[in-house]
Amino acid sequence: MLVVAAVLLATVTEPVLPDVPVSEDGEREVRARLERAEDAASRLELARLLVLEGIDGDEAALRRALPLLEAAAPAGEPRALAYLGVARLLEAKRSRWFWEKGSKAREGVGLLDRAVGLAPEDVEIRFLRGRSTLPLPRVFGRRDLAAADLAWVAPRGEAALPRDVAAAAWFYDGVCREEDGEPEAARRSFEQALRLDPGGAHGRAAARRLP
């Protein structure tokens, strides 16, 4: 089954990644401060930014993030576990070896589950798990749980996440509801995504799905 899962994972074209942007306002100054800092919270925030850069294709940033997250994860810090899980899924997607794809993906999913278990009310962590695992092949058996995460996050995202990320939660909630044969609920979700981020990627994608 692991080999089958790895083969299927290699065919996924949609990124197995969250849509969490890095703000451009003061980004250079923030990054410089985090690079100098030695406290655990700053190192974790630096690792988070590096993972996001890795999502954008910066392999060196991802390699830098991994030891920071691996050092923080044993302490059971939920965000460290969550972002390490995202990084493992990213490694799985980009690995050339089928056996490694499967093992990295399973580790990533396990880390995200641990993070949610420790902080089930954390909107960011629930979004990371839902969005990161939604595109996994069905053999992983994660689709319904990812959909449930996104359904939970969507109405809470506007108060807890950047607007474009909150819009992403509504958009993918709409996609799941559409797949589940709930056209009216899907329409409402797409309308919320469009309202929150009309000029952004998920707002535009939502507009294309509306009548």
Side-chain angles (χ1 to χ4, degrees), residues 8-9 11-25 48 51-52 55-56 78-79 81-83 85-90 92-93 105 108-211:
L8 289 172
L9 184 62
T11 69
V12 174
T13 56
E14 181 181 4
V16 185
L17 307 167
D19 307 280
V20 182
V22 180
S23 171
E24 294 181 3
D25 297 334
R48 187 184 75 87
V51 169
L52 299 178
I55 288 169
D56 288 336
R79 291 178 77 236
L81 293 168
Y83 276 96
V86 171
R88 291 292 188 234
L89 287 173
L90 186 56
K93 181 171 175 57
V109 168
L111 287 163
L112 284 160
D113 284 346
R114 283 181 60 199
V116 171
L118 290 167
E121 301 296 314
D122 188 300
V123 177
E124 179 185 8
I125 289 174
R126 290 285 293 271
F127 176 78
L128 287 172
R129 184 174 73 169
R131 177 65 188 101
S132 298
T133 60
L134 182 63
L136 286 172
R138 292 267 179 167
V139 69
F140 281 88
R142 302 295 303 191
R143 191 271 181 193
D144 289 346
L145 184 56
D149 280 337
L150 293 165
W152 185 87
V153 168
R156 296 169 173 82
E158 189 171 358
L161 301 170
R163 288 180 70 86
D164 52 352
V165 182
W170 278 116
F171 174 76
Y172 289 107
D173 178 58
V175 170
C176 292
R177 293 182 186 279
E178 197 172 63
E179 291 175 353
D180 290 341
E182 303 175 30
E184 286 304 310
R187 177 185 58 78
R188 291 191 292 272
S189 293
F190 292 140
E191 287 174 347
Q192 291 292 333
L194 179 59
R195 177 184 64 82
L196 285 171
D197 194 24
H202 294 101
R204 296 195 303 272
R208 290 193 293 270
R209 289 178 178 257
L210 289 169

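Because only heavy atoms are used, hydrogens play no part in the values below, and waters and symmetry mates are left out as well, while side chains stay in.
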Enquirer: Please find the pair of heavy atoms, one from V51 and one from A87, that lie closest to each other, and give the distance.
Expert: CG2-CB, 4.4 Å

Enquirer: Salt bridge (charged side-chain N to carboxylate O under 4.0 Å, His left out) with R195: which residues, sequence neighbours excluded?
Expert: E158

Enquirer: Is the shortest heavy-atom distance from the side chain of L111 to the side chain of Y83 under 4.5 Å?
Expert: no

Enquirer: In chain order, what residues pass the side-chain hydrogen bond (donor to acceptor under 3.5 Å, both in side chains) check against R79, with sequence neighbours excluded?
Expert: E124

Enquirer: Which residue in the set L81, L128, L52, T133 passes side chain to side chain contact (heavy atoms under 4.5 Å, CB included) when paired with V86?
Expert: L128

Enquirer: Applying salt bridge (charged side-chain N to carboxylate O under 4.0 Å, His left out), which residue pairs with at least one partner in residues 199-211 are found, sequence neighbours left out?
Expert: E178-R209

Enquirer: Donor-acceptor pairs under 3.5 Å, side chain of residues 140-147 to any protein atom, not counting sequence neighbours: which ones?
Expert:
residue : atom : partner : partner atom : Å
R142    : NH1  : D113    : OD2          : 2.9
R142    : NH2  : D113    : OD1          : 2.7
R143    : NE   : E179    : OE1          : 3.4
R143    : NH1  : D180    : OD1          : 3.0
R143    : NH1  : D180    : OD2          : 3.1
R143    : NH2  : C176    : O            : 3.1
R143    : NH2  : E179    : OE1          : 2.9
R143    : NH2  : D180    : OD1          : 3.1

Enquirer: Do P78 and D122 have side-chain heavy atoms sitting under 4.5 Å apart?
Expert: no

Enquirer: How far apart are the C-alpha atoms of V153 and W170, what are their side-chain angles, what is the distance that settles it, and do they pass the side-chain contact (heavy atoms from CB on, under 4.5 Å) test?
Expert: CA-CA 8 Å; V153 168; W170 278 116; over 6 Å; no

Enquirer: Going by side chain to side chain contact (heavy atoms under 4.5 Å, CB included), name the residues that satisfy it together with V116, two or more places apart in sequence or in a different chain.
Expert: I125, R126, R129

Enquirer: Name all residues meeting the side chain to side chain contact (heavy atoms under 4.5 Å, CB included) criterion together with A185; count only those two or more places apart in sequence or in a different chain, and write none if there are none.
Expert: R177, E182, R188

Enquirer: Roughly how far, to the nearest 0.5 Å, is the OG atom of S132 from the CG atom of L89?
Expert: 6.0 Å

Enquirer: Answer whether the closest heavy-atom distance between the side chains of V175 and L150 falls below 4.5 Å.
Expert: no

Enquirer: Quick one: CD on E121 to CH2 on W152, what's the gap to the nearest 0.5 Å?
Expert: 5.0 Å

Enquirer: If you take all heavy atoms of G157 and V123, which pair is closest and at what distance?
Expert: CA-CG1, 4.3 Å

Enquirer: How would you list, by chain and number, every residue that makes a side chain to side chain contact (heavy atoms under 4.5 Å, CB included) with L210, sequence neighbours excluded?
Expert: R187, F190, E191, L194

